[in-house]
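For clarity, every value in this text was computed on a predicted model and none was experimentally measured. In the text below, chain A, chain B and the rest are named by the order of the sequence lines, each starting its count at 1.
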Number of protein chains: 2
Amino acid sequence: MIPMETENGTRWLSDEEQGAWRIHLDVSRLLTYQLERDLQPFGLTMNDYEILVNLSESEGHRMRMSDLAAATLQSKSRLSHQITRMENAGLVRREHCESDRRGLFACLTEDGWETMRKVAPHHVESVRKHFIDLLSPEALDALHTSLTPIAEHLRAQRGRV
Amino acid sequence: MIPMETENGTRWLSDEEQGAWRIHLDVSRLLTYQLERDLQPFGLTMNDYEILVNLSESEGHRMRMSDLAAATLQSKSRLSHQITRMENAGLVRREHCESDRRGLFACLTEDGWETMRKVAPHHVESVRKHFIDLLSPEALDALHTSLTPIAEHLRAQRGRV
DNA sequence: ATCCATTGGTTCAGAATTCAACTTCTACCG
DNA sequence: CGGTAGAAGTTGAATTCTGAACCAATGGAT
């Protein structure tokens, strides 16, 4: 399948390409919309949840702000605001780092941990219902295989220029 | 592959499932980040661009606000603000609808159309570079096939409750 | 030791987004 | 007809996000 070219040399998308692209866009938006919605009854956003996950999977239930920002693909600024909000909600606490006096840890509080334990099963159920369980194991595998290089490519671009 | 169960009955995700899920999340975020970035030099956001696309593909280069909101998966409120901004930027104009006096059309202006023609090739190139061209035709096809039912499912949920 | 370029993080102002009124008009029911 | 439920859009206030400017600490160079 050779990409169509036109006068100005643009390699426009074929119908198949368009289709794949648009469906990817749609799914990612619809999905975050739905997951967000399923999380709402617990008073959490996807953002909140993702931070809880990251913290609860880390040593000592804490992470350096920068690392957390990198892990969640957010700007430092945004994360800072986010953590402030979560701190006010009692889910998280800031702690100083002795080895580097500029540094701060975001630490899961007891409350944050409890929230996590309570919410996780529902979230997983939600992810299953709206995504995982709608894919055959082969499709899942194919997805993983074909998306991985893209993720790598994009991560590499990320810092650049 | 049987989903693992634990005491409380939660069907946690297997490693493969986790992997597929997380990569999907990452790709969709990294991708919008990158596309946004590639559009920035032209003074457009993805949102702006998507609206231009929708309008330029419609009869008479115009669409009813509601339809546009539905097509772009935004709330009416958000679209309204968005169109106001684009109107101020001269890309779009609001026009009354005679058949329904509540209704409004968002119409592409000459400027909007020109912008579209100028930017589209770059955007397509960007989509190719960061997504399409990194997928084999088979992968593309598989993606389309496996994502379509998900999109349908999510669209069906969308209105519900 | 002293610079100074970098890193880690916050803050502030401006822009975008959400959510809940609110207005106007339509359509339908009795 | 008259009344009213619902649709189409907008508005405004509160929240979140972005990007740049900023401060403080670090880690090398010299």
Review point. Do any N or O atoms from the side chain of A:Gln34 and from the backbone of B:Leu154 form a donor-acceptor pair under 3.5 angstrom?
Key: no
Review point. Got a sec? Which of residues 58-66 of chain A come in under 4.0 Å of DNA chain C, heavy atoms?
Key: A:Arg64, A:Met65, A:Ser66
Got a list of side-chain donor-acceptor pairs under 3.5 Å for residues 100-109 of chain A, not counting sequence neighbours?
from     : atom 1 : to       : atom 2 : distance (Å)
A:Asp100 : OD1    : A:Arg102 : N      : 3.0
A:Asp100 : OD1    : A:Arg102 : NE     : 3.1
A:Asp100 : OD2    : A:Arg102 : NH2    : 2.9
A:Thr109 : OG1    : A:Gly90  : O      : 2.7
A:Thr109 : OG1    : A:Leu91  : O      : 3.1
A:Thr109 : OG1    : A:Asp111 : N      : 3.4
A:Thr109 : OG1    : A:Gly112 : N      : 2.9

Exercise for review: Please list, chain by chain and in numerical order, all residues satisfying side chain to side chain contact (heavy atoms under 4.5 Å, CB included) with A:Asp48, sequence neighbours excluded.
Suggested key: A:Leu44, A:Thr45, A:Gln82, A:Met86
Review point. What residues form a ring-ring contact (aromatic ring centres under 6.0 Å, His included) with A:His122, not counting sequence neighbours?
Key: A:Phe42
Study note, to complete from the structure: Contact span of DNA chain C against chain A, any nucleotide atom under 4.0 Å from a heavy atom, 5' to 3', runs C:dT7 to C:dC19
Could you write out each protein N or O paired with an N or O of nucleotides 23-25 of chain D at a distance under 3.5 Å?
none

Point to revise | side chain to side chain contact (heavy atoms under 4.5 Å, CB included) partners of A:Ser146, counting only residues at least two apart | key: B:Leu135, B:Ala139
Check your understanding: Which residues satisfy the ring-ring contact (aromatic ring centres under 6.0 Å, His included) test with A:His144, sequence neighbours excluded?
Key -> none
Exercise for review: Could you name each residue pair satisfying ring-ring contact (aromatic ring centres under 6.0 Å, His included) that touches residues 45-90 of chain A, not counting sequence neighbours?
Suggested key: A:Tyr49-A:His123, A:His61-A:Trp113
Review point. Do B:Ser80 side-chain atoms and B:Lys76 backbone N/O form a donor-acceptor pair below 3.5 Å?
Key: no
Practice item. With sequence neighbours excluded, tell me which residues meet ring-ring contact (aromatic ring centres under 6.0 Å, His included) with A:Tyr33. Key: none
Which atom pairs, one a donor and one an acceptor, fall under 3.5 Å between side chains of residues 20-31 of chain A and the rest of the protein, sequence neighbours left out?
from    : atom 1 : to       : atom 2 : distance (Å)
A:Arg22 : NE     : A:Gln18  : OE1    : 3.1
A:Arg22 : NH2    : A:Gln18  : OE1    : 3.4
A:Arg22 : NH2    : B:Glu57  : OE2    : 3.0
A:Asp26 : OD2    : B:Arg155 : NH2    : 2.8
A:Ser28 : OG     : A:His24  : O      : 3.2
A:Ser28 : OG     : A:Leu25  : O      : 3.1
A:Arg29 : NH1    : B:Glu50  : OE1    : 2.9
A:Arg29 : NH2    : B:Glu50  : OE2    : 3.0

Practice item. Would you kindly say whether B:Thr84 and B:Arg94 are connected by a side-chain donor-acceptor distance under 3.5 Å? Key: yes
Review point. Are the side chain of B:Arg128 and the backbone of A:Trp12 linked by a donor-acceptor contact shorter than 3.5 Å?
Key: yes
Under-3.5 Å N/O pairs linking protein and nucleotides 16-18 of chain D:
from   : atom 1 : to      : atom 2 : distance (Å)
D:dC17 : OP1    : A:Arg78 : NH2    : 3.4
D:dC17 : OP2    : A:Arg85 : NH1    : 3.3
D:dC17 : OP2    : A:Arg85 : NH2    : 3.1
D:dT18 : OP2    : A:Arg78 : NH1    : 3.2
D:dT18 : O4     : A:His81 : NE2    : 3.3

